[in-house]
Number of protein chains: 2
Amino acid sequence: MENLPIDPAAGGEERAPIAEPTLRRLPVYHNYLKNLDSSKTHAISCTQIAQDLHLTPIQVRKDLACTGIVGKPKTGYDTQALRLAIEDFLGWNNPNDALLFGAGHLGLALLSYDGFASYGLDIVAAVDADPAKQGAGPRDKKILPLEKAAGLIRRMHIKIAIIAVPEAAAQSIADLCVSCGIKAIWNFAPAKITVPADVTVQHENLASSLAVLSKKLSLRGE
Amino acid sequence: MENLPIDPAAGGEERAPIAEPTLRRLPVYHNYLKNLDSSKTHAISCTQIAQDLHLTPIQVRKDLACTGIVGKPKTGYDTQALRLAIEDFLGWNNPNDALLFGAGHLGLALLSYDGFASYGLDIVAAVDADPAKQGAGPRDKKILPLEKAAGLIRRMHIKIAIIAVPEAAAQSIADLCVSCGIKAIWNFAPAKITVPADVTVQHENLASSLAVLSKKLSLRGE
DNA sequence: TAGATTGTTAATCGATTAACAATC
DNA sequence: TAGATTGTTAATCGATTAACAATC
């Protein structure tokens, strides 16, 4: 294979586009490895991973191949090396700064979560239009007035915005972000937002997940 | 086609399994219809929907066919009927009771959100192990001691649990749920949970979404 | 009627799974 | 060595897209 060299500067040639389902599974493997007792388990096989995560060994093998890791027949992969390969591939050791819009319950939940750092995301601050919410937030993160957003994004060259504002405000916040140079939006508002083609939007759609869950539940009940 | 009759009692025969991507798009169509000015738009075509949602007309047509809706050539679908057909198909007019575990920021965010009702989900209450969090929550929802969970689930025949507790507590909460007869778990904890085969788990995996977002961002930047 | 749109069958595309040689 | 596991090419499966007749 040998696609996706670890050094991003290396590849001038066409790079194999990674399948999104694979991409979504990589953090799952990473979390699995993190929870292994590393003092005991120095190597792990696809067979073992697949069994524990309820996947097939072939799928695991193919997914991991994307990261460039090379395993040893009969023993499997070095757990430490595999973990690092996933982190490398996902860019988790080059953290991205992000600005959070909205300090309601959801915004505070995101701001409180200290796990994002290990996923290569650093929420530098939050902004909120409500003066009552402004001030010190969880984990020593500041909650600033909305007016500070544009300057902050420009000054820190922030590329990622997280939108956790009410549905009605989502589009205008997105517009603001785009005008300041934001290139990726993680949207938690239950609203479709429209952005130019060069901006990526990842929509966290609870209604979709709920539809899957409740349909499965109703199908099971027969 | 004529699969998936609206009356769930009708089908003894094999029922066409709905594709998950389709299932996830149905709420998107629904939200789109909701935001239409219904006084003006009595009928809507696939072409129009596809254009506004950045999909293809063929895909929209196929997705909507699952709901059993029948359109009229040249005009499209009756907007009202289409909306109801989606709600019917997704079971949104037979709401399911759910119990929320965890009243941290995320739990409160879920409890505060008044949109779930229209998605067929009724969070009857929350439970939390921390006495300081117990009492009245948002929207007049009670936050009860953890010990009340089992009785509540059994008494109300609750089938859905929402887990919004810290990673370390997730599995033991899941075990509790299973032992009380919960059949579907919506898991917001960043933890893999293991349940018997007859229980459905929908895992809301932020790390996966973030991986997709940051990979797209880094690929764009070349 | 003409033209746009639906409903449905066939073709394509991409992800998953199977098969198997290479390797430790 | 024998046996388990990797890496990779081929086959399968399922979702998307294309094609087109039916319909208003």
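Order of the sequence lines fixes the chain letters, A, B, ..., with proteins taken first and strands second; residue numbering starts at 1 for each chain.
- With ring centers used as reference points, B/Phe116 lies under 6.0 Å from B/Trp186.
- For the pair B/Leu206/A/Phe188, a side-chain contact is recorded, criterion being any heavy-atom separation below 4.5 Å from C-beta on.
- Atom P of nucleotide D/dA4 and atom CD1 of A/Ile44 are separated by 17 Å, given to the nearest angstrom.
- Of the possible donor and acceptor atoms, none in the side chain of B/Arg24 sits under 3.5 Å from a partner among the backbone N and O of A/Val212.
- Protein atom OH of A/Tyr77 is 13 Å distant from nucleotide atom C1' of D/dA4, rounded to whole Å.
- Classified by interplanar angle (parallel below 30°, tilted 30° to 60°, perpendicular above 60°), the ring pair B/Trp92/B/His30 is perpendicular.
- Rounded to whole Å, atom P of C/dT5 lies 12 Å from atom CD1 of B/Ile49.
- The residues A/Lys183 and A/Asp198 are annotated as salt-bridged, a charged nitrogen and a carboxylate oxygen being separated by less than 4.0 angstrom.
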Which atoms of nucleotides 11-18 of chain C (N or O only) lie under 3.5 Å from a protein N or O atom, and what are those distances?
{"residue": "C/dT16", "atom": "OP1", "partner": "A/Arg25", "partner atom": "NH1", "Å": "3.1"}
{"residue": "C/dT16", "atom": "OP1", "partner": "A/Arg25", "partner atom": "NH2", "Å": "3.4"}
{"residue": "C/dT16", "atom": "OP2", "partner": "A/Arg25", "partner atom": "NH2", "Å": "3.2"}
{"residue": "C/dT16", "atom": "O5'", "partner": "A/Gln59", "partner atom": "NE2", "Å": "3.3"}
{"residue": "C/dT17", "atom": "O4", "partner": "A/Lys62", "partner atom": "NZ", "Å": "3.3"}

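- Remark: A/Lys141 engages A/Asp122 in a salt bridge, criterion side-chain N to carboxylate O under 4.0 Å.
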Please list, pair by pair, any protein nitrogen or oxygen found under 3.5 Å from a nitrogen or oxygen in nucleotides 20-24 of chain C.
none

Intra- and inter-strand pairing of DNA chain D, written as dot-bracket with Watson-Crick and G-U pairs under 3.5 Å and | for the latter, reads ..||||||||||||||||||||||
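- Not one N or O on the side chain of A/Lys215 forms a donor-acceptor pair closer than 3.5 Å with the backbone of B/Glu20.
- Rounding to whole angstrom units, CG of residue A/Leu82 and C1' of D/dT5 are separated by 15 Å.
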